[in-house]
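Just the heavy atoms: all of them, side chains too, but no hydrogens, waters or symmetry mates, feed the values below. Chain naming here is simple, since letters A, B, ... match the order of the sequence lines and numbering starts at 1 in each.
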Protein chains: 2
Amino acid sequence: MTTGYTPLPETSTSDLVADRLRDAILAGDLKSGDRLIETDLAERFEISRGPVREAIRQLVPEGLVVLRRNRGAVVASPTLDDVLEVYAVRLSLGTVALQQAARVQTVASPQFQGAAKRLELLRNRSIQEDAQLMLEADLAFQDALLSLSQLPRMSALLAQSARDAASFVRMLGVTYDNTDHAALIQRHEVLLDAIRAGSPTAATGAWHQHIRATVEEFTRCYDDPDHTDISQHPLANLVLANTLEKP
Amino acid sequence: MTTGYTPLPETSTSDLVADRLRDAILAGDLKSGDRLIETDLAERFEISRGPVREAIRQLVPEGLVVLRRNRGAVVASPTLDDVLEVYAVRLSLGTVALQQAARVQTVASPQFQGAAKRLELLRNRSIQEDAQLMLEADLAFQDALLSLSQLPRMSALLAQSARDAASFVRMLGVTYDNTDHAALIQRHEVLLDAIRAGSPTAATGAWHQHIRATVEEFTRCYDDPDHTDISQHPLANLVLANTLEKP
DNA sequence: TGAATGTCGATTGTTAACAATCTGGCACTC
DNA sequence: GAGTGCCAGATTGTTAACAATCGACATTCA
């Protein structure tokens with residue numbers, strides 16, 4: 001009895017509520033600026049205000065919610081800068097994580113098999129038809145991949161930033177429907193192959209390409225309210241300028 | 001009546017409690033494995049359990065406290081790996097932040113002056129005599145310096161990781177008394193000079209040197225309970241191998 | 001008219017009591 | 001003697017009521 005038993009899910013009420021709120025934001029049911037009123041949510045979930053309060057507090061360090069003392073919580077209003085900054089963080093940390101993953105990972109390990117399996121899921125047609133499921137599967141793969149580094153703190157930060165990026169992009173009005181699934185899956189395959197080959201340089205190169213493509217896809221779909229030229233944006237350049245090693 | 005009035009501190013009770021707990025951990029009054037019992041703390045602070053609960057919850061994402069459902073909170077027990085990983089994060093993110101800081105920062109700006117002023121504080125003899133004050137001043141300078149990047153999310157992560165590193169080092173039994181103040185201040189001066197000169201390469205180089213020196217100083221003072229050879233430690237190598245561009 | 005002030009409803013902050021769960025010890029069984 | 005079941009105390013999880021605060025509107029007074 002040593003295999004196959006995962007720990008029981010220790011999810012408290014407030015964790016469940018936090019999950020629901022996160023999902024609602026990611027699905028677009030809660031939009032930037034919407035107020036989160038403890039009493040309302042408590043009634044809706046048929047619980048008391050305590051757990052609701054805790055759930056809201058959880059979302060603050062995640063950047064999804066802004067709290068103002070005595071004035072309650074509202075769904076955050078991320079800006080273009082926020083999105084690009086999150087990608088800059090991912091670019092930076094992911095480079096280290098994948099480098100390490102390529103070094104330490106053995107292809108036969110269950111973790112690697114897990115990552116490969118999640119990529120397989122992404123190829124599934126029925127998943128590709130549901131943007132929400134597709135997004136979840138995408139996040140799950142990236143999380144598994146970056147966890148191969150066996151750097152738990154860094155992986156946690158990367159998982160967090162992946163969710164942040166997805167949420168922020170959604171809050172800025174860009175939906176996952178716009179993504180080119182084939183290209184996304186291809187990039188993921190390149191990443192996994194690099195790890196499989198145990199090549200740190202290939203892995204980081206593939207990662208840079210992935211981030212660059214993701215940011216470019218986002219900037220194409222995002223219609224800036226100030227209609228500034230994104231190619232001139234300093235943060236966009238920060239990300240893009242760093243995505244390729246100088247030759 | 002427009003000058004000299006800063007906004008009133010909007011610190012809630014739970015924030016105050018969280019600060020006190022954080023300080024207690026950093027000062028060594030709370031050690032790894034110590035239980036944080038809501039009732040006890042509530043009595044000690046002469047408040048009810050609610051705010052205490054919230055304070056404890058705040059410390060969880062910071063990595064200072066571990067929560068197990070229905071079994072309460074205990075002060076975290078970071079390992080050598082945790083410390084080194086935090087420094088790997090700092091190395092990675094700080095490189096980007098300082099690069100950006102060197103690019104965007106004008107020496108005359110109040111932010112730059114603020115950073116310079118904090119470095120000045122560090123030189124103060126009376127501060128150098130109190131390890132706790134010295135640590136605070138050190139953190140304040142690094143925070144100010146990295147904030148020059150005008151990348152708020154990245155700066156927040158860096159500030160967080162700086163506090164994490166300090167706490168973890170303390171929890172592993174290494175105190176700030178062991179640090180070489182003169183060398184520390186010198187490294188900070190080099191960093192500030194690089195920003196002043198507006199040189200991204202000088203700034204990132206100085207940052208790498210700083211992290212390397214910090215990690216080396218820590219590993220010297222830390223007597224590993226497993227007395228493994230730290231120079232053989234994979235994570236230490238991850239940090240140290242990345243601290244200098246290959247020639 | 002319009003700026004300053006008072007009041008009210010909505011909402012959060014805090015408290016204290018109650019319910020659920022875990023830990024450790026002890027008796028009991030086999 | 002190893003394992004199981006059960007109980008009591010300690011501690012967390014949840015609830016509902018009370019207090020404090022904020023924003024908006026009404027009111028006052030120049």
task = Using a heavy-atom cut-off of under 4.0 Å over every strand shown, decide if A/Arg35 touches base, sugar-phosphate, or nothing.
result = sugar-phosphate
query = Rounded to the Å, how far apart are B/Glu54 CD and D/dG13 P?
reply = 14 Å
message = Run the salt bridge (Lys or Arg N to Asp or Glu O under 4.0 Å) test on B/Arg153 and A/Glu85 for me, step by step, so that the C-alpha distance in whole Å, both residues' side-chain angles and the decisive distance to 0.1 Å come before the verdict.
response = CA-CA 7 Å; B/Arg153 315 199 112 240; A/Glu85 217 190 318; 5.4 Å; no
key: Polar side chain donor-acceptor pair, A/Ser109 to A/Gln105, under 3.5 angstrom   = yes
key: Separation of atom CZ in A/Arg53 from atom P in C/dT11, rounded to whole Å   = 15 Å
inquiry  = Under 4.0 Å from OP1 or OP2 of C/dG13: is there any side-chain N or O of A/Arg57 that close?
reply    = yes
key: Sugar-phosphate, base or nothing in reach of A/Leu67, heavy atoms under 4.0 Å   = nothing
ask   = Within the modelled atom types, does a donor on one side and an acceptor on the other bring the side chain of A/Arg71 and the base of C/dG13 under 3.5 Å apart?
value = no
request  = Give the rounded distance in Å between these two atoms: CZ of A/Arg69 and P of D/dG23.
outcome  = 13 Å
message = Salt bridge check, A/Glu136 against A/Arg163: does any charged N sit closer than 4.0 Å to a carboxylate O?
response = yes
task = Rounded off to whole Å, could you give me the CZ-to-C1' distance for the B/Phe45 and C/dT15 pair?
result = 17 Å
Electrostatic pair A/Asp19:A/Arg22 at N-O distance under 4.0 angstrom = yes
message = What I want to check is whether the side chains of A/Asp82 and A/Thr79 have a donor and an acceptor closer together than 3.5 Å.
response = yes
Nucleotide D/dA19, atom C1' - distance to CG of A/Asn70 in whole Å = 11 Å
inquiry  = Just the rounded figure in Å: distance from P of D/dT21 to CZ of A/Arg68.
reply    = 18 Å
ask   = Just how far, in rounded Å, is P of D/dG13 from CD1 of A/Ile47?
value = 14 Å
Residue whose nearest DNA chain D nucleotide is more 5′ - B/Ile37 or A/Glu46 = B/Ile37
note = Of the listed C/dT12, D/dT14, D/dG13, the closest approach to the A/Thr39 side chain comes from C/dT12
request  = For B/Gly50, report the nucleic acid contact type (base, sugar-phosphate, nothing); a contact means any heavy atom under 4.0 Å.
outcome  = base
inquiry  = Any base atoms under 4.0 Å from B/Leu36, or only sugar-phosphate, or nothing? Heavy atoms, all strands.
reply    = sugar-phosphate
message = Can you work out whether A/Arg49 or A/Ser14 has the more 5'-proximal nearest nucleotide on DNA chain D?
response = A/Ser14
ask   = For the pair made of CD in B/Glu43 and P in C/dT14, what is the distance, rounded to whole Å?
value = 19 Å
